[in-house]
Amino acid sequence: MRATHPRIDLLINNAGVMYTPKQTTADGFELQFGTNHLGHFAFTGLLLDRLLPVPGSRVVTVSSTGHRIRAAIHFDDLQWERSYSRAAAYGQSKLANLMFTYELQRRLAPHGTTIAVAAHPGVSNTELARNLPAPLRVIAATLSPLLVQTPEMGALPTLRAATDPTVLGGQYYGPGGRGEIRGFPKLVSSSTDSHNQTVQQRLWTVSEELTAVKFPFVSNN
């Protein structure tokens with residue numbers, strides 16, 4: 001991509017897995033943390049020098065309301081080697097998405113060209129939930145007409161974060177309906193934990209060490 005795209009206006013980090021059985025990526029990372037966070041961190045770092053010269057460029061990272069559910073950054077066992085919880089591992093990865101966005105925005109701010117923004121799709125009718133345990137799949141199928149929205153509606157918060165000229169760095173967009181489950185996109189808030197700058201900075205350092213990717217700026221604000 002670096003060879004074919006000397007200029008990048010928009011990067012959307014949208015790869016994701018949810019509630020997977022215990023397994024690892026090709027690099028040996030726990031699958032949800034590796035896919036949902038470390039992959040995005042490394043990909044952004046490797047392409048950021050193509051965005052920084054472009055005024056108005058953006059990095060949009062897709063998180064989830066799952067960042068509030070049993071979510072913490074488990075620095076003592078990031079890869080869930082001692083024990084494993086599908087829900088908690090997913091929550092950690094989605095919390096990491098937001099912490100990465102907020103820390104990235106602080107580091108981008110002095111450059112004045114590129115912003116970092118987050119979004120979430122609410123509950124969309126995609127195959128992301130295919131790894132839910134069987135009882136939860138039955139419940140989801142029964143309630144889906146009442147709770148979920150189409151993939152097209154679920155994509156709107158990301159599209160707004162990517163294209164709305166009024167968007168500011170460090171903002172977070174999600175569906176505007178009750179519980180942020182469905183509806184047209186609006187500016188939403190994330191958990192108190194997601195704004196912990198000490199944890200954000202520690203996660204950044206650990207992510208650099210794990211991926212061996214250094215971003216093309218020296219330090220944060």
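Keep in mind that what you see is a predicted model, and the values were worked out from it rather than measured.
Side-chain atoms of Val17 and Asn36, non-hydrogen and from C-beta on, do get closer than 4.5 Å to each other. Annotation: side chain of Asn13 is in contact with side chain of Val59 (closest heavy-atom distance under 4.5 Å). Between Tyr173 and Leu187 there is a side-chain heavy-atom pair separated by less than 4.5 Å. Inter-residue side-chain proximity for His120 and Glu180 is flagged as met; some heavy-atom pair is nearer than 4.5 Å. Contact check for Thr24 versus Leu31: no side-chain heavy atoms found under the 4.5 Å cut-off.
Between the side chain of Gln200 and the backbone N or O of Ser194 there is at least one donor-acceptor pair closer than 3.5 Å. Using modelled atom types, one side-chain atom of Ser63 and one backbone atom of Lys94 make a donor-acceptor pair closer than 3.5 Å. For Glu208 (side chain) and Lys214 (main-chain N/O), no donor-acceptor pair under 3.5 Å exists by modelled atom type. Of the possible polar contacts, none joining the Gln79 side chain to the Gly34 backbone as a donor-acceptor pair under 3.5 Å is found. For the pair Arg86 (side chain) and Tyr19 (backbone), a donor-acceptor distance under 3.5 Å is present. Side-chain atoms of Arg2 come within 3.5 Å of backbone atoms of Leu46 as a donor-acceptor pair (strictly under, hydrogens ignored). With hydrogens and angles ignored, the 3.5 Å screen pairs no side-chain donor or acceptor of Gln201 with any backbone N or O of Glu103.
Side chains of Ser207 and His37: a donor-acceptor N/O pair is present below 3.5 angstrom, by distance only.
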Determine, stepwise, if the pair Arg182 / Val148 fulfils side-chain contact (heavy atoms from CB on, under 4.5 Å). CA-CA 7 Å; Arg182 57 196 296 173; Val148 305; over 6 Å; no
Inset, instruction - Take Val62 and Asn97 through the side-chain contact (heavy atoms from CB on, under 4.5 Å) test and state the conclusion after the steps. - result: CA-CA 7 Å; Val62 180; Asn97 290 152; over 6 Å; no
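Scanning all heavy atoms of the two residues, the minimum distance from Gly66 to Ala71 falls at O-CB, 4.3 Å. Counting all heavy atoms, side chain and backbone alike, Ala72 lies closest to His74 at O-CD2, 3.3 Å.
When each of Asp9, Leu51, Ile8 is checked for a side chain to side chain contact (heavy atoms under 4.5 Å, CB included) with Thr114, only Leu51 meets the rule.
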Without placing hydrogens or testing angles, list every side-chain donor-acceptor pair under 3.5 Å for residues 153-162, not counting sequence neighbours.
residue, atom, partner, partner atom, Å
Arg160, NE, Asp164, OD2, 2.9
Arg160, NH1, Pro185, O, 3.1
Arg160, NH2, Asp164, OD2, 3.3

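Hydrophobic cluster membership of Phe29, counting Ile, Leu, Val, Met, Phe, Trp and Tyr whose side-chain heavy atoms lie under 4.5 Å apart directly or via other members: Phe33, Leu38, Ile73, Phe75, Leu78, Leu95, Met99, Val199, Leu203, Val206, Leu210.
Listed by first and then second residue, the ring pair (Phe, Tyr, Trp, His ring centres under 6.0 Å) pairs that reach into residues 185-206 are Phe41-Trp204, Phe100-Trp204, Tyr102-His195, Trp204-Phe215, sequence neighbours excluded.
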